[in-house]
Amino acid sequence: MGNGYCCGCTGGMNMDNSIEQKWRDAWKKRNIFEAKVDPSKKKFFVTVPWPYTNGSLHVGHGRTYTLGDIVARYKRMIGYDVLFPMAFHESGTPILAFSERIANKDKDTLKLYRNYLMEYEKAENIDDIIYSFREPKNIAEYFSKVIIKDFTDLGYSIDWSRKFTSADNFYQCVVRWQFNHLKELGLLKKGEYPILYSMNDENAVGEDDIKDGDTDKVSVEEFTGVLFKGKNFDLITASLRPETLFGVTNLWINPDADYVIINYENKDMAISYLGYIKFSLQHENVKFKKRINKEDILNETFKVPFYDRVISVYAADFVDPDNGTGIVYSVPGHSIFDYVYFKKNNLDFNIKKVVETGNDINVENLVKKYNLLNDSEKLKGATQELYKEEFYKGTLINSSKYTGLSVSEGRDMIKNDLLNEDKGIMFYETTRKAETRSGSKVIVAILKDQWFIDYSKVWLKEKAHDLINSMKFYPELYRKLMNDAIDWLRERPCARKRGIGTRLPFDDRWIIESLSDSTIYMITYTNANEMRTIYDRLGDIDDEILDYVYLNKNIDINKYDDKTRKNIIDAREKFNYWYGNDLRITAPPHISNHLAFFIMNHAAIFKGKNLPGSLMLSGIVISNGSKISKSKGNVVSLLEITRRYSADLYRLFIAVGADVSSLLDWNEKDIASVSKRYDYFINILKDYKDSEENEDYIYEWFVSSFYNHLKEYLINMESMKIRDAYISIFYSVLNDFKTLENRGGNINSGLKMIMHDWLIAMSPVIPYSCEEFWHMYINDTFVSMEELDTNVEDKINYGILASEEYLGRVVEDIKEISRIIKNKGETAIITVYGEYQNDFIEMFNRKDIKPEYKIMIGDYIKNRNRILDKQINEYAVLSKNRSYIENATGLKIEILKSKEVKQKNPWPGRPTIKII
RNA sequence: GCAAGGGUAACUAAGCUUGGCCAAAGGUGUAGGACUUAAGAUCCUAUCCCGAAGGGGUUCGCGGGUUCAAAUCCCGUCCCUUGCACCA
């Protein structure tokens with residue numbers, strides 16, 4: 001331990017934290033990762049998502065960021081001018097919601113934040129910090145610091161000098177500029193939009209405002225309100241299945257609920273009291289007239305629209321006054337609830353079938369199958385089964401002009417006809433009963449004047465497809481998914497009434513929604529400091545300046561003072577140098593939202609080299625076999641990783657633990673197996689002593705093999721196959737060390753011959769260890785800044801690689817033979833091919849075989865597919881390695897060269913072996 | 001239902017794009033051995049079946065097909081996982 005290494009908690013020889021700290025500090029002191037414009041190099045701009053600062057990050061988040069850093073370091077290593085920046089996202093409602101909940105002393109929230117803070121803070125400070133979180137700004141600030149520390153500890157080569165947040169004033173100018181452009185392009189429009197709404201707070205609510213909203217999702221469901229004409233007043237029912245309209249036999253109301261008469265669009269209609277409340281929030285000018293007795297409804301008859309049948313109203317206790325309008329129409333032919341109610345209460349009823357599925361899944365059979373008359377448990381499940389079956393397989397029958405349509409077509413058509421002919425009204429309901437964390441009821445309200453980005457525009461979709469098809473995808477399969485996502489996109493609400501963010505420039509009642517403010521934010525990384533300075537000087541950055549900087553439009557630049565002008569020009573130059581996000585790394589769940597908008601907005605606003613270059617999607621991370629979640633207790637924070645394991649081990653695990661696109665399981669067993677190999681690496685380097693270089697055959701093989709692995713490594717990295725690349729340069733090289741040792745070589749001598757290039761090649765994944773050994777044995781420069789000589793071809797002797805492979809196969813064959821023959825011999829006689837066999841092959845290829853050679857034909861054909869094309873001097877290889885073969889097989893070895901024509905012959909790569 | 005991904009030896013997991021040196025990598029487990037007072041760790045060997053000569057047989061969800069040749073290509077079929085929207 002005294003020498004700076006520790007027996008890490010995983011039982012291995014991981015790098016001591018103090019060593020990691022040493023190099024972190026050294027890198028920071030010299031600012032080596034700050035990106036400077038260097039026109040002598042090709043630039044490479046890589047981004048990962050900016051973290052949302054409402055909490056600390058865990059193993060899962062770390063994967064994407066680590067991959068970003070590995071790529072950034074790799075690109076630097078092969079000679080690129082790399083920009084790998086980071087900023088923070090604060091927009092949206094969660095931070096706001098959390099701080100409100102802390103102010104309200106919400107138990108769960110306090111516990112959550114206490115848990116976060118316990119990792120980072122002394123116990124006595126925690127209460128004060130949590131108290132400060134009543135200000136949303138303090139949450140964001142606190143966690144951005146935590147994340148910076150985590151990222152720094154993990155050795156990320158981030159250029160922090162460009163850091164900003166989505167709440168920064170200068171950045172918000174950029175967002176407004178973007179929205180002005182979207183508006184100019186005709187991509188913004190207004191419309192109605194149903195939202196989840198808190199009755200007490202009279203405000204929109206998001207998932208995190210709703211009790212259990214994260215685990216049990218609430219969404220908006222669309223009902224068709226159908227108007228049934230009566231003599232004195234109408235009834236409004238709410239249905240999910242308007243296509244069954246022609247199967248209606250009666251109406252149901254709840255005998256114990258309150259009903260009222262309202263006036264809407266000059267019609268009096270009955271509705272449950274609870275339904276009225278919701279209805280009035282979804283439609284304008286809804287007037288309350290009076291309460292009404294149930295009997296007054298039950299005594300009345302009503303007419304079914306489109307189907308002039310007069311029906312009665314019955315009371316039924318299964319009708320929920322708080323679902324829809326509290327009045328439902330009864331279709332016993334297609335509704336299990338209705339059918340069962342009639343049966344159970346021994347009421348007379350008729351069945352009219354209006355949907356035909358062509359199989360025997362129907363109301364009657366399902367009721368029998370699940371014994372629903374006696375067991376109401378399965379009522380809901382059976383209803384779902386029936387609805388699904390009828391929706392996907394059903395055709396309308398007995399439905400006047402709608403007969404013959406599929407259920408989905410019929411449903412849309414009947415709904416639209418009802419709405420158009422004033423016989424229907426849209427009604428929205430939540431998918432489940434929900435309330436906010438503070439206990440207020442959540443319902444659906446209609447927002448007027450909602451702003452949308454219209455992603456349905458064909459010209460934009462075409463541009464987006466072109467862009468996608470010109471980009472690189474790692475892995476390739478996501479290209480198709482991305483194209484599909486673009487096709488599927490339609491209008492997207494892009495502004496909200498609450499939350500942190502930028503106000504719409506042309507309608508300041510609205511705050512730009514948090515995903516929409518993050519679609520092209522990467523442009524700001526290129527020149528964040530210049531933009532901030534411009535803002536500070538002018539108190540604003542107008543669109544003219546932004547057009548100049550980001551779209552290269554010409555303006556009268558001379559109207560600004562010297563310093564500002566210089567900043568503006570600098571900003572434009574830096575943008576022009578860096579932009580074009582060469583690689584964006586993120587995760588597949590972003591495809592249908594962030595990435596789709598990223599592609600669309602870039603395609604709309606930018607062109608040419610400023611468009612994104614490639615996309616890499618990393619698979620999900622699970623922890624100890626299951627999805628990472630607080631309830632499972634398997635959340636491992638990034639801090640815990642650097643404390644309990646080490647940054648290098650984590651990074652190595654990310655690199656080799658699984659293919660970039662596949663699922664990665666963070667678990668002790670797999671960590672231990674990676675750790676084992678990592679320890680081996682550390683140990684051989686730690687024990688290194690300068691020694692003589694050696695020119696023996698086996699060293700020559702070792703070096704050739706190393707460069708062969710390095711070659712594979714480079715090829716794999718070019719297509720972002722990070723795992724394959726590091727299996728070559730790490731695992732395979734480690735295995736070569738074992739072979740070297742088994743073959744009587746000395747590890748030190750081998751290491752000496754490859755250490756320089758090996759440390760450089762390994763440094764993107766395990767930068768701390770490599771930095772330490774680089775300084776210890778090679779040089780006092782930073783290995784993180786070293787360039788790798790990628791010209792490896794000259795260093796590979798393919799002949800010697802083939803020889804070693806040949807040797808291995810001979811040993812294998814001898815072992816196999818001696819295993820099969822149970823009485824072990826003492827000597828193995830290896831006979832390699834000679835001139836006769838060479839002559840034969842030549843003659844065989846010429847199809848002109850001398851008679852005395854013909855005896856060899858059968859044997860040759862049998863062995864042909866195993867014979868080496870490339871001939872090596874087998875006799876020499878075997879002779880040189882005689883003692884190795886003897887050791888490996890435990891037999892004496894005699895080597896002969898074939899000097900005769902026989903029936904069974906040795907062939908190139910395939911000597912005959914006889915054990916006696 | 002739609003879309004995407006996947007089903008490989010005891011388990012886990014590569015390979016499939018570009019068919020053949022694929023009985024099929026690596027890891028885990030299991031068995032034997034070396035080292036050790038012992039345990040642990042580490043290393044070596046074996047691990048579908050048969051075999052007294054490097055061979056043969058049967059395998060890659062299931063059923064067909066293409067081919068001299070299929071885990072790999074095509075068709076069908078069954079099963080599993082994930083996503084299906086305004087939420088960062």
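Letters go in sequence order (proteins before strands), and every chain restarts at 1.
Because its NZ or CZ atom is both nearer than 6.0 Å to the ring centre of A/Tyr884 and within 45° of the ring axis, A/Arg743 counts as a cation-pi partner of that residue. At least one test fails for A/Lys721 against the ring of A/Tyr474: distance under 6.0 Å to the centre or angle within 45° of the axis.
Going from the P atom of B/rG19 to that of B/rA53 covers 37 Å, rounded to whole Å. Rounded to whole Å, the C1' atom of B/rA3 lies 38 Å from the corresponding atom of B/rU58. With C1' as the reference atom, B/rA14 and B/rU67 are 26 Å apart, rounded to whole Å. B/rA13 and B/rU66 are spaced 35 Å apart, taking the P atom of each and rounding to whole Å. With both ends at atom P, the span from B/rA69 to B/rC21 equals 14 Å, rounded to whole Å. The same atom, P, is picked in B/rA23 and in B/rG54; the two are 16 Å apart, to the nearest Å. Between B/rA71 and B/rG61, the distance separating the two P atoms is 10 Å to the nearest Å. B/rC60 and B/rC22: their C1' atoms are spaced 10 Å apart (whole Å).
The distance between atom NE2 of A/His594 and atom P of B/rG83, rounded to the nearest whole Å, is 20 Å. The separation between A/Leu891 atom CG and B/rG54 atom P is 17 Å, rounded to whole Å. At whole-Å resolution of the value, CG in A/Asn735 and C1' in B/rG27 are 12 Å apart. Across the protein-nucleic acid pair, A/Ile916 atom CD1 and B/rA53 atom P stand 17 Å apart, rounded to whole Å. Nucleotide B/rA88 holds its C1' atom 16 Å from the CD1 atom of A/Ile512, rounded to whole Å. With rounding to whole Å, A/Tyr731 atom OH is found 9 Å from B/rG26 atom C1'. Rounded to an integer number of Å, the gap from A/Leu57 CG to B/rA88 P is 17 Å. A straight line from CZ of A/Phe730 to P of B/rA25 spans 22 Å, rounded to a whole angstrom.
When only modelled atom types and interatomic distance are considered, A/Tyr455 and A/Asn601 share a side-chain donor-acceptor pair under 3.5 Å. A donor atom on one side chain and an acceptor atom on the other are not found under 3.5 Å apart for A/Asp517 and A/Thr502.
In this structure A/Tyr521 satisfies the ring pair (Phe, Tyr, Trp, His ring centres under 6.0 Å) test together with A/Trp50, A/Tyr525, sequence neighbours excluded. With sequence neighbours excluded, the residues that form a side-chain contact (heavy atoms from CB on, under 4.5 Å) with A/Leu112 are A/Phe98, A/Tyr116, A/Lys630. Applying the salt bridge (charged side-chain N to carboxylate O under 4.0 Å, His left out) criterion to A/Glu429, with sequence neighbours excluded, gives A/Lys278. Remark: A/Phe737 pairs with A/Phe702, A/Trp758 by the ring pair (Phe, Tyr, Trp, His ring centres under 6.0 Å) rule, at least two apart or across chains.
Side-chain to base pairing of A/Asp813 with B/rA53: no donor and acceptor N or O lie closer than 3.5 Å to each other.
Applying the 4.0 Å criterion to OP1 and OP2 of B/rA88, one finds that A/Ser514 has a side-chain N or O inside that range. Between A/Thr93 and the phosphate of B/rA88, there is a side-chain N or O to OP1/OP2 separation shorter than 4.0 Å.
Side-chain N or O atoms of A/Arg63 include one that pairs as donor or acceptor with a backbone N or O of A/Val660 at under 3.5 Å. Judged by distance alone, the side chain of A/Glu90 and the main-chain N or O of A/Lys137 form no donor-acceptor pair under 3.5 Å. Without hydrogens or angle criteria, A/Gln282 side chain to A/Tyr428 main chain gives a donor-acceptor distance under 3.5 Å.
Taking each heavy atom of A/Glu712 and A/Ser728 in turn, the nearest pair found is OE1-OG, 3.1 Å.
Residue contacts shown for A/Pro911 include a base, since a base heavy atom lies under 4.0 Å away. Base contact: A/Arg490 has a heavy atom under 4.0 Å from a base atom. A/Asn54 comes within 4.0 angstrom of no nucleic acid atom, judged by non-hydrogen atoms across all strands. When heavy atoms are screened at a 4.0 angstrom cut-off, A/Ser518 is found touching no nucleic acid atom at all.
Across all strands shown, B/rU47 pairs with B/rG29; the Watson-Crick or G-U wobble distances both stay below 3.5 Å. When both pairing distances are held under 3.5 Å, B/rU42 makes a Watson-Crick or G-U pair with B/rA34. Across every strand in view, B/rA3 sits in a pair with B/rU82 that passes the Watson-Crick or G-U test at under 3.5 angstrom. Judged by Watson-Crick or G-U wobble contacts below 3.5 Å, the nucleotide B/rU67 has no partner. If you check B/rC87 for Watson-Crick or wobble pairing at under 3.5 angstrom, you find it has no partner at all.
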Could you list, one pair per line, each protein nitrogen or oxygen that sits under 3.5 Å from a nitrogen or oxygen of nucleotides 41-48 of chain B, together with the distance?
residue: B/rC43; atom: OP1; partner: A/Lys738; partner atom: NZ; Å: 3.1

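When distances run from any side-chain atom of A/Thr912 to the nucleotides B/rG54, B/rA88, B/rA53, the shortest one goes to B/rG54. Considering only side-chain atoms of A/Arg492, the nucleotide from B/rA53, B/rC86, B/rA85 that sits closest is B/rC86. When distances are taken from the side chain of A/Pro94 to each of B/rG54, B/rA88, B/rC87, the shortest belongs to B/rA88. In the set B/rG54, B/rC86, B/rA88, B/rG54 carries the atom at the smallest distance from any side-chain atom of A/Ile913. Picking from B/rG54, B/rA85, B/rC87 the nucleotide with the shortest atom distance to the side chain of A/Leu489 gives B/rA85. Of all nucleotides listed (B/rA85, B/rC87, B/rA53), B/rA85 comes nearest to the side chain of A/Trp488.
Ring geometry for A/Phe681 against A/Tyr678 counts as parallel: the plane angle stays under 30°, on a 0 to 90° scale with 60° as the upper cut.
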Per-nucleotide protein contact along nucleotides 1-16 of chain B, 5' to 3', at a 4.0 Å heavy-atom cut-off (B base, S sugar-phosphate only, - neither), is B--S---------S--

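Each of A/Ile727 and A/Glu90 lies near RNA chain B, and the nucleotide nearest A/Ile727 is the one positioned closer to the 5' end.
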